Amino acid sequence: MKPFDYSRLDSPDALSPLGAGKFLAGGTNLIDLMKHEIETPDALVDVTRAGMKEISQQPDGSIRIGSQISNTDLAANSDVRQNYPVLSEALLSGATQQLRNKATTGGNFLQRTRCQYFYDTARACNKRDPGSGCDAMKGLNRFHAILGASSSCIAVHPSDMAVAMAALDAEVLTRKVDGVERRIPASELHRLPGDAPERDHVLENGELITAVDLPASPPRLQSYRKVRDRSSYAFAVVSAAVALDLDDGRMSNVRIALGGVAHKPWRASRAETALEGQMPSREMFLKAMKEEMSEAQGHGHNDFKIDLLPRVVAGVLRDLTAPERNGDRT
């Protein structure tokens, strides 16, 4: 591991330029990357004692989650379990208990891809070494992107939590070095690879995630489903976070976010539009997802995702809209 300077941040008010440094929270991803010398920061700024450890209800009814809340505490929070169950389900599917105890809300958003070529420094990877190429294109790409990829990168974002946050229309609150604060929709925090896949997100150097706001009135019906190669903890082959309401038997406020298929949590806006106001049926679910997948592209080993993903989403929608679930057993 490359030597580095270490310091602590006492408050978001005390931010200073990071330069080639990194913020350190739970460290469940960053420390591994430093051991492999994939990340080689000159300095680590420990933010675990800078506050940001509360979950509170805001005057407008929204829920504010401090960025240093652990994944365990967030998943177990009574407000989250009752009103945002898709988030709790996603967190509980994401890692072992030990990792959830250390991983933080802010850090979970910023974890880097688990692409094996990114982790193998003997392989070409534009995300790790811009301009070197992408060995995943013609390599073992079973877990790689089918939506929003580019000729530079087909890696996927690994977070389960971020997929649920995108479906809930959560907003990420940040503070810049100059003290300016901003709100970023969770679905817009990460970026597609384009010709600069080394840039995972839209944050500026030294910009710190301080909190996340969950909306006051989320859709009533919510679920997270994750398909993985083994039943124990593993990254998603594909996943779907779905939230909606039923009004007089018709779907409304439909929100669908997809994981394991893109460089960012993928908000399925085409499918949402197609389903809004419709009566639920498997045929309608699959038709909507066919529109969403119209530009999907496999790369050999991951072609199966193009057929698998619509069936996963259709299954979640079927279960959420089933009469038995909604109190109608006639």
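Small disclaimer: the values here were computed from a predicted structure and weren't measured.
Of the charged side-chain nitrogens involved, none lies within less than 4.0 Å of a carboxylate oxygen, so that Lys53 and Asp73 do not count as a salt-bridged pair. Remark: Lys22 engages Glu39 in a salt bridge, criterion side-chain N to carboxylate O under 4.0 Å. Taking the charged nitrogens against the carboxylate oxygens, Asp10 and Arg49 have no contact shorter than 4.0 Å, which rules out a salt bridge.
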Q: Report the C-alpha distance between Leu24 and Arg8 in whole Å, list the side-chain angles of each, state the deciding distance to 0.1 Å, and finish with yes or no for side chain to side chain contact (heavy atoms under 4.5 Å, CB included).
A: CA-CA 9 Å; Leu24 175 67; Arg8 288 176 178 160; over 6 Å; no

Q: Could you check Arg267 against Asp169 for salt bridge (Lys or Arg N to Asp or Glu O under 4.0 Å), going step by step and ending with a plain yes or no?
A: CA-CA 10 Å; Arg267 188 67 181 261; Asp169 284 337; 2.6 Å; yes

Q | Trace of the side chain to side chain contact (heavy atoms under 4.5 Å, CB included) decision for Thr96 with Tyr233 | A | CA-CA 6 Å; Thr96 63; Tyr233 297 105; 3.6 Å; yes

(Q) salt bridge (Lys or Arg N to Asp or Glu O under 4.0 Å) for Arg112 and Asp200? Distances and angles first, verdict last. (A) CA-CA 8 Å; Arg112 307 209 68 189; Asp200 292 341; 2.8 Å; yes

Q.
Run the side chain to side chain contact (heavy atoms under 4.5 Å, CB included) test on Val313 and Leu258 for me, step by step, so that the C-alpha distance in whole Å, both residues' side-chain angles and the decisive distance to 0.1 Å come before the verdict.
A. CA-CA 9 Å; Val313 174; Leu258 309 173; 3.7 Å; yes

Q: Tell me, with the steps shown, if Arg175 and Glu181 meet salt bridge (Lys or Arg N to Asp or Glu O under 4.0 Å).
A: CA-CA 4 Å; Arg175 169 99 41 111; Glu181 298 179 337; 2.7 Å; yes

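Using modelled atom types, one side-chain atom of Arg311 and one backbone atom of Asp307 make a donor-acceptor pair closer than 3.5 Å. Within the 3.5 Å criterion, the main-chain N or O of Ala288 finds no donor-acceptor partner in the side chain of Glu272. The backbone N or O of Pro197 lies less than 3.5 Å from a partner atom in the side chain of Lys127, making a donor-acceptor pair. Looking only at distances, a side-chain donor or acceptor of Ser132 sits under 3.5 Å from a matching main-chain atom of Cys125. At least one donor-acceptor pair under 3.5 Å links the side chain of Thr321 to the backbone N or O of Leu317. Using modelled atom types, no side-chain atom of Asp129 and backbone atom of Asn126 make a donor-acceptor pair closer than 3.5 Å. Distance alone, capped at 3.5 Å, places no donor-acceptor pair between the Arg225 side chain and the Val242 backbone. The main-chain N or O of Ser93 is found under 3.5 Å from a side-chain atom of Arg228 such that the two form a donor-acceptor pair. In this structure, Glu188 contributes its side chain and Pro185 its backbone to no donor-acceptor pair below 3.5 Å. With hydrogens and angles ignored, the 3.5 Å screen pairs no side-chain donor or acceptor of Lys35 with any backbone N or O of Met1.
The shortest distance between side-chain heavy atoms of Met293 and Ile146 falls below 4.5 Å. Considering only heavy atoms from C-beta on, Leu208 comes within 4.5 Å of Leu9 through its side chain. You'll find the side chain of Glu171 stays beyond 4.5 Å of the side chain of Val212, heavy atoms only. The side-chain heavy atoms of Asp213 and Arg183, taken from C-beta on, include a pair separated by under 4.5 Å. Taking the side chain as every heavy atom from C-beta outward, Cys153 and His263 approach each other to under 4.5 Å. Between Met289 and Leu309, some side-chain heavy-atom pair lies under the 4.5 Å cut-off.
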Tabulate below the donor-acceptor pairs under 3.5 Å that side-chain atoms of residues 79-87 make, not counting sequence neighbours, or state none.
| residue | atom | partner | partner atom | Å |
| --- | --- | --- | --- | --- |
| Tyr84 | OH | Pro215 | O | 2.6 |

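More than 12 heavy-atom neighbours from other residues, nucleotides or ligands sit within 6.0 angstrom of NZ on Lys176. Remark: Glu54 CD is loosely packed, at most 12 non-hydrogen atoms of other residues, nucleotides or ligands lying under 6.0 Å away. Heavy-atom contacts from other residues, nucleotides or ligands closer than 6.0 Å to CD of Gln97 number more than 12. Within 6.0 Å of CG on Asp120 lie more than 12 heavy atoms contributed by other residues, nucleotides or ligands. Counting non-hydrogen atoms of neighbouring residues, nucleotides and ligands closer than 6.0 angstrom, the CZ atom of Arg199 reaches no more than 12 such neighbours.
With hydrogens and angles left out, the side-chain atoms of Ser56 and Gln58 include a donor and acceptor closer than 3.5 Å. Remark: the Ser70 side chain and the Asn101 side chain contain no N/O donor-acceptor pair separated by less than 3.5 Å.
If you run side chain to side chain contact (heavy atoms under 4.5 Å, CB included) between Asn302 and each of Asn141, Leu308, Val261, Val156, only Asn141 comes through. When Ile55, Leu173, Leu214 are each tested for a side chain to side chain contact (heavy atoms under 4.5 Å, CB included) with Arg64, only one passes: Leu173. Among Asn253, Val254, Leu221, the single residue meeting the side chain to side chain contact (heavy atoms under 4.5 Å, CB included) criterion with Asp245 is Asn253.
Tyr117 and His144 have tilted rings, their planes meeting at an angle from 30° to 60° on a 0 to 90° scale.
Using a 4.5 Å cut-off between side-chain heavy atoms of Ile, Leu, Val, Met, Phe, Trp and Tyr, with links allowed through other members, Val312 and Leu147 fall into the same hydrophobic cluster.
The ring-ring contact (aromatic ring centres under 6.0 Å, His included) contacts involving residues 160-204 comprise His157-His190, where partners must be two or more places apart or lie in separate chains.
With sequence neighbours excluded, the residues that form a side chain to side chain donor-acceptor pair (under 3.5 Å) with Ser239 are Tyr224.
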